[in-house]
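Accompanying notes for the structure given below.
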Amino acid sequence: MQQISIKYLLTSKPEIGKSVTIKGWVRSRRDSKAGMSFITVSDGSCFDTIQVIAETNLPNYNEEVIRLTKDCAIIVDGVIVESPGSGQAIEIKVNTLKVLGWVENPDTYPVSPKRHTVEYLREVAHLRVRTNLIASIARVRNSVSYLIHEFLNKNGFYWIHTPIITTSDCEGGCDLFKVTSLDLQNLPKNEQGKIDYRQDFFGTETFLTGSGQLNVEAYCMGLSKVYTFGPTFRAENSNTTRHLAEFWMVEPEIAFADLMDDAALAQEMLKYIFKNVLERNSDDMHFFAEFINKNAISRLEQVVNTDFTMLTYTEAIDKLLKSGKSFENKVEWGIDLSSEHERWLCEEMVGAPTIVTNYPKDIKAFYMRQNDDGKTVAAMDILAPGIGEIIGGSQREERYDLLVKRMNELNMDKEHLSWYLDLRRFGTVPHAGFGLGLDRVVSYVTGVQNIRETSPFPRTSKNANF
RNA sequence: GCCUCAAUAGCUCAGACGGUUAGAGCGACGGACUGUUAAUCCGCAGGUCGUGGGUUCGAUUCCCUCUUGAGGCGCCA
């Protein structure tokens, strides 16, 4: 008797007549007058299920087998037999079937054996992994995470655990969640009547990180190739299919590198992820191609096999102006590209991932390297069809004087970031990096439109359930 | 944060120009049939019509508030 996963059972081509034990959840039960019930069992190890044959002469057939409903947990001891039915090569003939966990009230069980909308399933996020869709997404998400680590480690990168709690309120602009141990009902005030953070746990105002970039830059200036990969938090009240308040982001940073090196790394990494997900999760990907987006596989293959199109911001504006399309938002040099512009560029003009470089400095972050034209910075965004911005990156400003000048222009607090400026004073080198949103990649890979499906327990405005 | 739409059975939806007993499909349950596989066929149960207020003889239906959800925009990954 050997306990094995269904994945192993289906891929290892076990010999007929072998005894096995499987543990899993009932997907469906069909009773036959031929003297048996057909029970489909899933253990989540792979997309496919195994069919279990429970004959009516089992001692607990009338008491238990006949009462099995979706998601009852069972242990089956049985023998592998060739399946006379069509639809599967092998099946398990039951010797003993033990029920570990019944489903109470199958009539109101939230994940009944029928089609459910993704919106409904979000309301039962603790149970939704028992659907094909969410289970496949979970397996793909795991693969993508693993492949990111694998790709970067194979290429000599070190994973740096940058802090979750930070004092820098983001790179400028975005809202962060405050971290405090102060009594919110009775906040201490300073001489100016403002909250006295000197009495807070850290003696200063702190936040959940919105990006590990600044910290990982520090480690880059000693380890050359590094990345941070972990949860990131933004308190922006975004209500879209591609924003979460808590999301995972990988941010590689490379020393002795410029924007072109950065773009090349980003492209290589995306291709590595897509190519290997297609292999590792072939069964899940076929499910997405059948039920979610019929191009789910072909478009990934296309990305793997074609060079990304690269154009400058100025060229992009030019293309948009000459597109003959009327956009809701006005197109002129200096604007930030809006979703409709990005969509037109990568979906209609190019039809594949597109890298836009050298944005106007006024719409980008302070740390981006200023180009010689005095107007633009060495930034890049990678736009993906159906999702928009999937990667944002830049070459960082490594020249101390220019960085200070820029921070002054933006009225930034240099005191707070003096450690960051130190990096430019002590052995500075050209360096570059980018941020890739894990949840967005999974959305792109699976073809699942809403990022609230690609995160197991999504946190959004007004929703931190589960 | 702004704009638009929605909320009726466990789920997906229909419906009433405001008036006795609010319908269907799926699921669940019972039965028939069958090496079945999104099985098929027959039957049964299941609803204070999101919350609070207003108009009215009467509101699930009309109006307003709130809550929640969805989509679009902005912010970005």
Side-chain angles (χ1 to χ4, degrees), chain A residues 27-41 48-55 66-67 69-70 81-88 91 93 103-124 127 132 170-175 210-213 231-251 266 291 327-329 336-340 342-343 363-365 381-384 387-393 434-444 449-452 454-455 460-463 465:
Chain A
R27 274 294 170 76
S28 68
R29 189 198 85 234
R30 293 174 293 274
D31 306 320
S32 168
K33 271 291 176 287
M36 68 198 74
S37 287
F38 302 97
I39 302 162
T40 307
V41 181
D48 286 322
T49 53
I50 185 84
Q51 178 160 281
V52 164
I53 311 300
E55 297 188 329
I66 206 75
R67 286 172 46 223
T69 57
K70 179 165 185 295
V81 295
E82 276 183 73
S83 179
S86 59
Q88 60 279 317
E91 58 194 24
K93 189 170 168 232
V103 168
E104 300 174 15
N105 308 100
D107 55 327
T108 56
Y109 176 56
V111 194
S112 56
K114 73 180 285 291
R115 271 181 172 257
H116 296 287
T117 60
V118 289
E119 291 83 6
Y120 167 70
L121 289 171
R122 275 173 224 154
E123 294 171 14
V124 288
L127 299 172
N132 280 335
C170 208
E171 321 149 357
C174 66
D175 296 315
S211 164
Q213 180 200 315
T232 313
F233 310 87
R234 302 214 180 149
E236 285 153 357
N237 188 10
S238 300
N239 194 349
T240 76
T241 56
R242 57 195 179 282
H243 288 85
L244 294 172
E246 175 179 329
F247 62 98
W248 277 59
M249 183 158 65
V250 55
E251 296 173 283
F291 291 101
F327 294 102
E328 299 257 327
N329 299 284
D336 202 357
L337 298 179
S338 62
S339 295
E340 56 171 344
E342 294 181 343
R343 199 157 286 161
I363 57 171
K364 288 291 181 183
D381 282 356
I382 298 187
L383 314 176
I387 234 189
E389 186 178 337
I390 195 170
I391 281 181
F434 62 85
L436 171 66
L438 174 68
D439 315 81
R440 286 189 184 175
V441 186
V442 176
S443 176
Y444 183 72
Q449 301 250 321
N450 199 314
I451 200 166
R452 282 171 275 210
T454 69
S455 172
T460 52
S461 165
K462 300 280 184 292
N463 184 5
N465 295 328

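Chain letters run A, B, ... following the sequence lines, proteins first, then strands; residues in each count from 1.
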Can you say whether a donor on the side chain of A/Ser238 sits under 3.5 Å from an acceptor on the base of B/rC75, or the other way round?
yes
P gap between B/rG53 and B/rA16, integer Å
27 Å
Touch check for A/Ile391, heavy atoms < 4.0 angstrom, all strands: base, sugar-phosphate only, or nothing?
sugar-phosphate
May I ask you to say what A/Thr49 touches in the nucleic acid, namely base, sugar-phosphate or nothing, with a heavy-atom cut-off under 4.0 Å?
nothing
Pick base, sugar-phosphate or nothing for A/Thr69, based on heavy-atom distances below 4.0 Å to the nucleic acid.
sugar-phosphate
Remember a base hit wins even if backbone is also touched, and classify A/Tyr120 as base, sugar-phosphate or nothing at under 4.0 Å, heavy atoms.
sugar-phosphate
Give one of base, sugar-phosphate or nothing for A/Arg67, where a contact means two heavy atoms less than 4.0 Å apart.
nothing
Main chain of A/Asp439, side chain of A/Thr454: is a donor-acceptor contact present, judged purely on distance under 3.5 Å?
yes
NA contact type, A/Pro84, heavy-atom cut-off 4.0 Å: base, sugar-phosphate, or nothing?
base
Have a look at A/Gln51 and say if it touches a base, only the backbone sugar-phosphate, or nothing, with a 4.0 Å heavy-atom cut-off.
base
Looking across every strand, which nucleic acid part, if any, lies under 4.0 Å from A/His243 by heavy atom: base, sugar-phosphate, or nothing?
base
Side chain of A/Arg122 (C-beta onward), nearest among B/rG71, B/rA70, B/rU12
B/rA70
Would you say whether A/Tyr109 stacks on B/rG10? The test is a distance between ring centres of less than 5.5 Å and an angle between planes of less than 30°.
no
At under 4.0 Å between heavy atoms, what does A/Ser32 touch on the DNA or RNA strands: base, sugar-phosphate, or nothing?
base
Measure from the side-chain heavy atoms of A/Asn463 and tell me the nearest of B/rG69, B/rG35, B/rG27.
B/rG69
Base of B/rU12 paired with side chain of A/Glu119 (donor-acceptor, under 3.5 Å)
no
Is A/Glu123 touching bases, backbone alone, or none of the nucleic acid, heavy atoms closer than 4.0 Å?
nothing
Name the nucleic acid region contacted by A/Ser338, choosing base, sugar-phosphate or nothing; use a 4.0 angstrom heavy-atom cut-off, strictly under.
sugar-phosphate
Hey, does the side chain of A/Arg242 come within less than 4.0 Å of B/rC73's phosphate (OP1/OP2), counting only N and O?
yes
Which nucleotide, if any, forms a Watson-Crick or G-U wobble pair with B/rC17, using both distances under 3.5 Å?
none
Can you build the contact string for nucleotides 39-46 of chain B? Use B for base contact, S for sugar-phosphate-only contact, and - for no protein heavy atom under 4.0 Å.
S-------
A/Ser83 side chain: which of B/rG10, B/rG71, B/rG35 is closest?
B/rG35
Just checking A/Lys462: base, sugar-phosphate only, or nothing, at a heavy-atom cut-off of under 4.0 Å?
sugar-phosphate
Looking at every strand, decide which applies to A/Glu91 at a 4.0 Å heavy-atom threshold: base, sugar-phosphate, or nothing.
base
What nucleic acid atoms does A/Ser37 come within less than 4.0 Å of, heavy atoms only: base, sugar-phosphate, or nothing?
nothing
Need to verify one output field. Residue with the more 5' nearest nucleotide on RNA chain B, A/Asn465 or A/Ile390?
A/Asn465
